[in-house]
Number of protein chains: 2
Amino acid sequence: MLDHSFHSPLPPTRLTTKQQAVLTQLERLQEAVSAQRLYAELRQHGESLGLATVYRSLDLLKLKGLVQSRTTTDGEALYSPIQQDQHYLTCLQCGSSVPLDFCPLQAMENQLRRSQAFTIYYHTLEFFGVCEPCTHQAQ
Amino acid sequence: MLDHSFHSPLPPTRLTTKQQAVLTQLERLQEAVSAQRLYAELRQHGESLGLATVYRSLDLLKLKGLVQSRTTTDGEALYSPIQQDQHYLTCLQCGSSVPLDFCPLQAMENQLRRSQAFTIYYHTLEFFGVCEPCTHQAQ
DNA sequence: TAAGATAATGATAATCATTCCCATTTTAGC
DNA sequence: GCTAAAATGGGAATGATTATCATTATCTTA
Ligand SMILES: [Mn+2]
Ligand SMILES: [Mn+2]
Ligand SMILES: [Zn+2]
Ligand SMILES: [Zn+2]
């Protein structure tokens, strides 16, 4: 994984309690989760905070280079700690996502990083098509 | 560009007039556009069809391997003919997207195609970070 | 070609993730 | 402690997308 700390556009102010709670819960979970689910989990863990704060915290954490997100086919954003360099094969028919066990961009990102006047935090990469089961079923 | 015709999961039935109109309008435009905008354009061009049909046609065209989509940071899907192998650098602060002039995956997709029991139609690849202007402005 | 079956369409309502608003609370600088 | 700025919560508003269902076009087959 790459070090993102050097190009953070926001001053390295300390996270608030709520913001830290959001980040910690996100790190606790293994998979990428929606803001809604994160909110539910936090409440269950006794944390007292509003849904708007979860969204605000996630946005801020993204700008700090600590969190990344991708969007599912039904328009829901899934968040994860930026360490996870994880990609998927997503079926256009049933919507299921199969995780890839490698990132085809590992080497290339650095090259791109140097060639553009743009500070890169993370990338999303996703392959779309039809999964094995969907290929065999009619319609 | 790759040939996708051989693995279409839907029978190669002829497109309806409306479906063809959606595809044609999409090919006419140079950039990726939202379903809403496509609907507006079609109406302006005298085409008579409903918004729901635009969404339905786009879904079907994706399953036929003729259309692809990516999702913007504010949750809107942008559609384009599948020929366009185009990627972006997207700013987390201002949301602007700078197009890349190459695809870092050209060679790799074929390899992946062979290694997985999954029929790949297209991929999305996007780099997120902060653009030059946003880096220099406070907050 | 006509009748019935099937698929497509349009208008509108419903969904639902996300954002907006604003009053209240917390934090930071002094 | 005092004051200004930032953060927060809850509920309303937004807006893209989807669901519903009655109507219309297309296909099948006698
Ligand atoms: Mn990667
Ligand atoms: Mn590409
Ligand atoms: Zn599938
Ligand atoms: Zn920017």
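By convention in this document, chain letters (A, B, ...) are assigned in the order of the sequence lines, proteins followed by strands, and residues within each chain are numbered from 1. These numbers come from the heavy atoms of this one structure, side chains and all, not from hydrogens, waters or symmetry mates.
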#### Entry: Close side-chain approach of B/P104 to A/Q111, heavy-atom, < 4.5 Å
no
### Message
Please report the distance, rounded to the nearest Å, between OH in A/Y79 and P in C/dA17.
### Response
12 Å
### Query
Any side-chain N or O of B/Y55 less than 4.0 Å from the OP1 or OP2 oxygen of D/dT17?
yes
### Query
For the side-chain contact (heavy atoms from CB on, under 4.5 Å) test, which of A/V54, A/V33, A/L38 pairs with A/Q25?
A/L38
### Query
Short question: side chain of B/K18, backbone of B/S48 - any donor-acceptor pair under 3.5 Å?
yes
### Message
Are A/S97 and A/E126 packed together at the side-chain level, in the sense that at least one heavy-atom pair is separated by less than 4.5 angstrom?
### Response
yes
### Query
Whole Å only: how far is the CG atom of A/D74 from the C1' atom of C/dC16?
11 Å
## Note on the structure
Rounded to 10°, the angle between the first-five-pair and last-five-pair axes of the helix from C/dT1-D/dA30 to C/dC30-D/dG1 is 40°
### Task
Mind calculating the distance between CG (B/L38) and C1' (D/dT17) to the nearest angstrom?
15 Å
### Task
Report, as a single string ordered 5' to 3', how protein heavy atoms within less than 4.0 Å touch nucleotides 5-15 of chain D: B base, S sugar-phosphate only, - not at all.
--SBBB-----
### Query
Backbone N or O of B/L49 within a donor-acceptor pair of the B/R43 side chain at under 3.5 Å?
yes
#### Entry: Whole angstrom value for the distance that separates P of C/dG10 from CG of B/L42
11 Å
### Query
Nearest-Å distance, CG (A/D59) to P (C/dA17)?
16 Å
### Task
For B/H87 and B/L100, indicate whether the former's side chain and the latter's backbone hold a donor-acceptor pair under 3.5 Å.
no
### Task
Consider only side-chain N and O atoms of A/Q20 and A/T24, and report whether a donor and an acceptor are under 3.5 Å apart.
yes
### Message
Whether B/E31 and B/R37 form a salt bridge (side-chain N of Lys/Arg under 4.0 Å from carboxylate O of Asp/Glu) is what I want to check.
### Response
yes
### Task
Would you kindly give the CZ-to-P distance between A/R37 and C/dT18, to the nearest whole Å?
14 Å
